[in-house]
Amino acid sequence: MGVKLGDIIPPEAVQTVQLSDLSNKSIAIDGYNILYQFLSNIRGPDGKPLQDSKGRVTSHLSGVFFRSTNFIKEGIRVVYVFDGQPPALKIETIRKRIELRERARKMYEEALAAGVVAEARKYAAQSSSIEKYMVETAIQLLEAMGIPYIIAPAEGEAQAAYMAARGDVWASSSQDYDSILFGTPRLVRNLSLVGRRKLPRRNEYVVVEPEVLHSEKLFASLGITRRELVEMAILIGTDYFEGVRGIGPKKAYSLIKEYGAADKALDAIKKSLDVDIEAVRRLFLEPEVKKDYELKWREIDREATMRILCDEHDFSPERVEKELNEVESILSEKRRVTSLDRWLM
DNA sequence: CAACAGCA
DNA sequence: TGCTGTTGG
């Protein structure tokens, strides 16, 4: 979800990159965003998620494990940022999402019963919801892998943006554009290993490279400020409320260009919004964030990782061990080379 | 989503 | 070796 800015992002503000370009950089990842992607995508052909012998879903653990080892191999340091309490304004959005999920879940069961496998898979993905235990097990795994995480007081994206703005991490990462509104200087999108993404409700794939969106370039190209982008978002609609009917990014852009603020634009077109506009501004411009945190990356605890994945959740020990060995050998090779470099200097 | 097996 | 379909839990 998030604010729909896709259509007006100027290409010059976006830099497509290779994963290796992010080497030695630190990135704050929107934890819910990524768990949701894993949960909806890592599924069998009929839509069933991976699960252990006790029936607990493990798709997200597979995703977190393999993606994390790959980041470590590349020298990319990530910190997971999870949502805390949703802002009051978001309650209605959350209620609607639950409703949609319920509908998708019914469709999933119907399709499954009718034996329409592809159809079933589509609805299964839409019916995914992140349960509390999934976040808890993901956090256990992160701890074992030496990857830091933060539970934000409110919105994870706001927290990640704050950390990037303060320079504690190089960038924040999410599929949503909300981070820009929250003030991130750099937003990494499509942060996955293989450059392909499944098209929604279709069995097709498109090539998608990781990209870095530079906020300052975006503001400069559009000739607006972050504050004005927030005004645009108010007209377009956000996760917190629906915007004005018939106004998308392009109209919002010209309206804010002309009138400068959402309320003035609304007056001009004789429309109104059933929302406290001032509260929305505060939500984006002065979000509630945690300011005291420590980011510490440690070595992988192999035993703990094996215990969680294999003993607790029935992952194949051979498969996990193979990956851990690869991480170890790549890291030791890196250390060998860098110490040699240092010696040569 | 990412690893892996199988095939050109 | 690179590509494509299947498996993982």
- Please state how far atom CG in Leu50(A) lies from atom C1' in dA3(B), giving the value in whole angstrom units. 12 Å
- How long is the line joining CG of Leu39(A) and P of dA2(B), in whole Å? 15 Å
Residues 140-151 of chain A, side-chain donor-acceptor partners within the protein, below 3.5 Å, at least two apart:
residue, atom, partner, partner atom, Å
Glu143(A), OE2, Tyr149(A), OH, 3.0

- Please list residues of residues 55-66 of chain A whose heavy atoms come under 4.0 Å from any atom in DNA chain B, ordered by number; otherwise none. Phe66(A)
- Query: Stepwise, does the side-chain contact (heavy atoms from CB on, under 4.5 Å) test hold for Asp176(A) with Leu187(A)?
  - Reply: CA-CA 9 Å; Asp176(A) 294 354; Leu187(A) 168 63; over 6 Å; no
- Task: Take atom CD1 of Ile308(A) and atom P of dG9(C), then tell me their distance rounded to the nearest Å.
- Result: 16 Å
- Which pairs count as salt bridge (Lys or Arg N to Asp or Glu O under 4.0 Å) when at least one residue sits in residues 24-48 of chain A, sequence neighbours excluded? Asp46(A)-Lys48(A)
Could you list the donor-acceptor pairs under 3.5 angstrom formed by side chains in residues 285-297 of chain A, with sequence neighbours left out?
residue, atom, partner, partner atom, Å
Tyr293(A), OH, Asp168(A), OD2, 2.4
Trp297(A), NE1, Val78(A), O, 2.8

- Quickly work out the Arg43(A) CZ to dA2(B) C1' distance and round it to whole Å. 16 Å
- Item | All pairs passing salt bridge (Lys or Arg N to Asp or Glu O under 4.0 Å) where residues 2-11 of chain A contributes a residue, at least two apart | none
- Task: Look at all strands and tell whether Pro45(A) reaches a base, only sugar-phosphate, or nothing, counting heavy atoms closer than 4.0 Å.
- Result: nothing
- Contact residues, residues 20-36 of chain A to DNA chain B [heavy atom, < 4.0 Å]: none
- side-chain N/O Arg67(A) vs dA2(B) OP1/OP2, d < 4.0 Å: yes
- Using heavy atoms and a sub-4.0 Å distance, could you list which residues of residues 312-331 of chain A are near DNA chain B? By number, please. Arg319(A), Lys322(A)
- For the pair made of CD in Glu74(A) and C1' in dA2(B), what is the distance, rounded to whole Å? 14 Å
- Minimum-distance nucleotide to Leu193(A) side chain [options: dC1(B), dG9(C), dA2(B)]: dA2(B)
- Query: With Tyr177(A), which residues qualify under ring-ring contact (aromatic ring centres under 6.0 Å, His included), at least two apart?
  - Reply: none
- Mind jotting down which residue pairs meet the side chain to side chain donor-acceptor pair (under 3.5 Å) criterion with at least one end in residues 80-91 of chain A? Sequence neighbours excluded, please. Lys90(A)-Glu155(A)
- Message: If the cut-off is 4.0 Å, is Asn70(A) near the phosphate of dC1(B), judged by side-chain N/O to OP1 or OP2?
- Response: no
- Task: Round to the nearest Å and state the distance from Gln37(A) atom CD to dC1(B) atom C1'.
- Result: 9 Å
- For Val117(A), what are the other residues in its hydrophobic cluster, where any two members join if their side-chain heavy atoms are less than 4.5 angstrom apart? none
- Task: Tell me whether the centres of the aromatic rings in Phe284(A) and Tyr240(A) are closer together than 6.0 Å.
- Result: yes
- Message: Going by the rule salt bridge (Lys or Arg N to Asp or Glu O under 4.0 Å), which residues pair with Glu258(A) if we only count those two or more places apart in sequence or in a different chain?
- Response: none
- Whole-Å gap separating P (dG9(C)) and CG (Asp46(A)): 16 Å
- Query: Starting at CG of Asn41(A) and ending at P of dG8(C), how long is that distance when rounded to a whole Å?
  - Reply: 18 Å
- Message: Is there a path of hydrophobic side-chain contacts, each under 4.5 Å between heavy atoms, that joins Tyr108(A) and Leu39(A)?
- Response: no
- Residues which pass side-chain contact (heavy atoms from CB on, under 4.5 Å) with Tyr36(A), listed by chain and number, not counting sequence neighbours: Ser40(A), Ser128(A), Ile130(A)
